[in-house]
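Remarks on the structure that follows.
All chains are named by letter (A, B, ...) in the order of the sequence lines, taking the proteins before the strands, and each is independently numbered beginning at 1.
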Number of protein chains: 2
Amino acid sequence: MASSIHDLARHLNISIGTVSRALNGRADVNADTRQRVLDAAKKLNYSPNQSGRSLRRGATHSIAFMLQPHPGDQEYGEPFFIPFLTGLQAKLAESGLDLIVVMGAPGDYQQERLRRVVETRRADAVVLAWTRREDERIDYLTQAGFPFATLGRSRSGGDAYPSLDLDFEKAGVDAVDRLVARGHRRIAAIRPSLDLNFGYLFLAGYRRALRRHGIEFDPELIADGFINEAGGYAVTPKVMRSKDPPTAIIFNNDAMALGGCKALAEAGIKPGHDIAVIVIVDTPLCRYFSPALTGFRPALEPMGERLAEMLLASIPAYAGAAGARIIREVWPLQLIARDSD
Amino acid sequence: MASSIHDLARHLNISIGTVSRALNGRADVNADTRQRVLDAAKKLNYSPNQSGRSLRRGATHSIAFMLQPHPGDQEYGEPFFIPFLTGLQAKLAESGLDLIVVMGAPGDYQQERLRRVVETRRADAVVLAWTRREDERIDYLTQAGFPFATLGRSRSGGDAYPSLDLDFEKAGVDAVDRLVARGHRRIAAIRPSLDLNFGYLFLAGYRRALRRHGIEFDPELIADGFINEAGGYAVTPKVMRSKDPPTAIIFNNDAMALGGCKALAEAGIKPGHDIAVIVIVDTPLCRYFSPALTGFRPALEPMGERLAEMLLASIPAYAGAAGARIIREVWPLQLIARDSD
DNA sequence: TGTTTTTCCGTAAACGTTTACGAGAACACA
DNA sequence: TGTGTTCTCGTAAACGTTTACGGAAAAACA
């Protein structure tokens, strides 16, 4: 079943060394024998054993993505990453690399899983998402000298690793600008409860824009919740109980918005009619919700592709002749105006 | 950085053989030296190189899950699997196995990725999802003699592999029963366009129940679409254009229902008021939608755990003293009544 | 023809493990 | 004391690759 390089060599009556060289495109092998090897490999359905290759080369030729369920969320997950992963995987495949997704248990910060991947050398590099403001995963990886890249920024680790993020701060500003232009002064913000950096950045933009418009920041209009439907549902009533209730709400993601709108509906408040709603990260859910939610659309699949490029460029073994370099990018978030504000 | 078993042996002044035996809990090593080895391993932060171990053992100690984006869906993904994967990974981890998720490109049937995993022996077994009525992946794996389990049934491959499925046929029956009991006779069904087996099973139940109630099957009330928001949105108007339009619609999943409800809303039809809506696979989206959608709730995380058990039980190398055996199960889908019907 | 260069290929070591085998030491038993 | 048994452990081979090295044959050159 499992045909090895020895089978191939025996079948062709040449040495395994030559077979290997032929397969790996080395120059010192006759064009003729190379062809014979290639043909035989196809015929015998040979493909190199990954463990053997990794062991010898000292590289696994695979990249790990650390996937983590919603913190605090036991029953549902994050569709956000799928198109990102599609792009990531497509680009990695171009360089002959495999993408493996490592599941973390909900709630933990992946530290243990991450250690496991690093210490058993299961991957040549890892990709992190949902970066926190201070991120121990980043500290660990930099300290261990293990290659990685992040989707999202962090204050940890300096500028020593590639990162690709969305401009959540600008989105916060734009959302407030748009609402103010439409006459709103009481604008609430619903954001994740943890120290996820994008929540922090969003709030920074929100506050900055408020200040610029001469609107006083009111802590009563800010609420933290789990980044899911339940979080939005639980937390939205809080801001509505303000002495001077908001006329607009900015939600930090689609699931929170869905839950929030549910809470509003139960209170007889109609989004897009009685109150304006904007979502920072737009998804198809926003588009097909009624009313269709105004939101900021990320280009997830291109982001995956780009981060793969950036990661490879940062690893000497994979970077081309150009030499390894660290790239960090922040991509704009484009507003899609719909019916909810 | 990467401390090997040789470092450990040198440090302790014993042979690598003894170190390995101590680490692997073999009987023929003195309790005393075992402890010394264990201590040193912790101190030197040693953990065995996965490639070396795999090569020697001929097993990778990891299981691959083939994740595939929605067919026809370029931009969004499937949150459905996340809790399933959480359960799967948790159970596998108990046996010291890693779960790796292999991304497939959207649109293809994963055949190529699957071959790659199998041929390079990257995993000891694979888990398939979204089984089709006739599934070439299953044919390939059985023919290759590679261990696998499926989430969902198929007609391919006989009963030779473990499978865990939900009772979509029963759900189809129950949905119709419930709607008929509430006075509906014109009941539409929106299902996936491909030959995904759960869509087939659902429709079989739907037709059976219709027959039992003496309601004639009307092809005009059936529509196929992509299993996502866009699919539901595109296809729902078709059934509404029937000469005798439906008073109830059963959607095959939450995303289709979301898109379908959008289309209904645009036509001025209010789900839960002007028309009854039931969703086969319930998710938080259904719960937080307005109106909250009646649906059938799967126990995803327990399903993941169970399928892991079933898979391991089917593999001689992992099955305990009991010996390997094939288990196939079909789990019930529980109706959660809400406001949409 | 003789010498040098080039082309091509075989040999063998190495990557980090696990494990079959055997041997020395300690022990038990007569 | 002699024989057999049990505990430990070291040795070395093996898993499937890749690659440095060297050498034979062919080609190029004088």
Side-chain angles (χ1 to χ4, degrees), chain A residues 1-38 40-41 44-62 96 98 116 118-124 317, chain B residues 1-38 40-41 44-62 96 98 116 118-124 317:
Chain A
M1 173 91 326
S3 76
S4 82
I5 202 170
H6 288 96
D7 303 328
L8 213 51
R10 205 170 321 118
H11 180 258
L12 289 166
N13 227 12
I14 58 180
S15 78
I16 60 166
T18 305
V19 174
S20 177
R21 278 189 299 265
L23 256 19
N24 288 313
R26 294 238 168 288
D28 57 346
V29 44
N30 186 285
D32 202 66
T33 48
R34 156 164 300 129
Q35 197 52 53
R36 281 177 45 224
V37 170
L38 258 29
L44 294 197
N45 199 19
Y46 168 79
S47 69
N49 177 296
Q50 207 51 230
S51 305
R53 168 173 282 186
S54 297
L55 180 57
R56 170 61 218 224
R57 292 207 216 185
T60 63
H61 290 263
S62 61
D98 281 333
R116 203 178 149 79
V118 169
E119 286 172 5
T120 62
R121 268 132 281 167
R122 260 194 176 280
D124 297 343
Chain B
M1 174 91 322
S3 76
S4 83
I5 203 171
H6 288 95
D7 302 328
L8 214 51
R10 205 170 320 118
H11 180 256
L12 290 166
N13 227 11
I14 58 179
S15 79
I16 60 165
T18 304
V19 174
S20 176
R21 278 189 300 265
L23 256 19
N24 289 311
R26 294 238 168 288
D28 58 347
V29 44
N30 186 284
D32 201 66
T33 49
R34 157 164 301 129
Q35 196 52 55
R36 279 177 45 224
V37 170
L38 258 30
L44 294 198
N45 199 18
Y46 167 79
S47 70
N49 177 296
Q50 207 51 229
S51 305
R53 166 173 282 185
S54 298
L55 179 58
R56 169 61 218 228
R57 291 205 198 166
T60 63
H61 290 263
S62 61
D98 280 333
R116 200 177 151 78
V118 170
E119 287 172 4
T120 62
R121 269 133 279 165
R122 257 190 178 283
D124 297 344

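Rounded to whole angstrom, the span from the NE2 atom of H6(B) across to the P atom of dA14(C) amounts to 11 Å. We find that CG of L8(A) is positioned 13 Å from P of dG16(D), with the value rounded to whole Å. Following rounding to the nearest Å, R10(B) (CZ) and dG16(C) (P) show an atom-to-atom distance of 11 Å. The nearest whole Å value for the distance from the NE2 atom in H61(A) to the P atom in dT17(D) is 14 Å.
When heavy atoms are screened at a 4.0 angstrom cut-off, S20(B) is found touching base atoms of the nucleic acid.
Residue pairs meeting the side chain to side chain donor-acceptor pair (under 3.5 Å) criterion with at least one partner in residues 15-25 of chain A, sequence neighbours excluded, are S15(A)-T18(A), T18(A)-R21(A), S20(A)-N24(A). Listed by first then second residue, pairs satisfying side chain to side chain donor-acceptor pair (under 3.5 Å) with a partner in residues 26-37 of chain A read Q35(A)-D39(A), not counting sequence neighbours.
The salt bridge (charged side-chain N to carboxylate O under 4.0 Å, His left out) check on R10(B) picks up D7(B), with sequence neighbours excluded. With sequence neighbours excluded, the residues that form a side-chain hydrogen bond (donor to acceptor under 3.5 Å, both in side chains) with S62(A) are T60(A). The salt bridge (charged side-chain N to carboxylate O under 4.0 Å, His left out) search around R122(B) returns D98(A), not counting sequence neighbours. By the side-chain contact (heavy atoms from CB on, under 4.5 Å) test, L23(A) pairs with L8(A), V19(A), V37(A), L38(A), A41(A), Y46(A), sequence neighbours left out. S54(A) meets the side-chain hydrogen bond (donor to acceptor under 3.5 Å, both in side chains) test with no other residue; sequence neighbours excluded. Under the side-chain hydrogen bond (donor to acceptor under 3.5 Å, both in side chains) criterion, H61(A) pairs with no residue, sequence neighbours left out. Annotation: side-chain hydrogen bond (donor to acceptor under 3.5 Å, both in side chains) contacts of R53(A) (sequence neighbours excluded): none.
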Could you list, one pair per line, each protein nitrogen or oxygen that sits under 3.5 Å from a nitrogen or oxygen of nucleotides 10-12 of chain D, together with the distance?
unit_1, atom_1, unit_2, atom_2, d
dG10(D), OP2, S15(B), N, 3.0
dG10(D), OP2, S15(B), OG, 2.8
dG10(D), OP2, T18(B), OG1, 2.6
dG10(D), N7, R21(B), NH2, 2.9
dG10(D), O6, R21(B), NH1, 3.0

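The bend of the helix from dT1(C)-dA30(D) to dA30(C)-dT1(D), defined by the angle between the axes of its first five and last five pairs, stands at 50° to the nearest 10°.
The side chain of V29(A) approaches dC9(C) more closely than any other nucleotide in the set dT19(D), dC9(D), dC9(C).
Using a 4.0 Å cut-off on heavy atoms, the residues of residues 47-58 of chain A that approach DNA chain C are L55(A), R56(A), listed by number.
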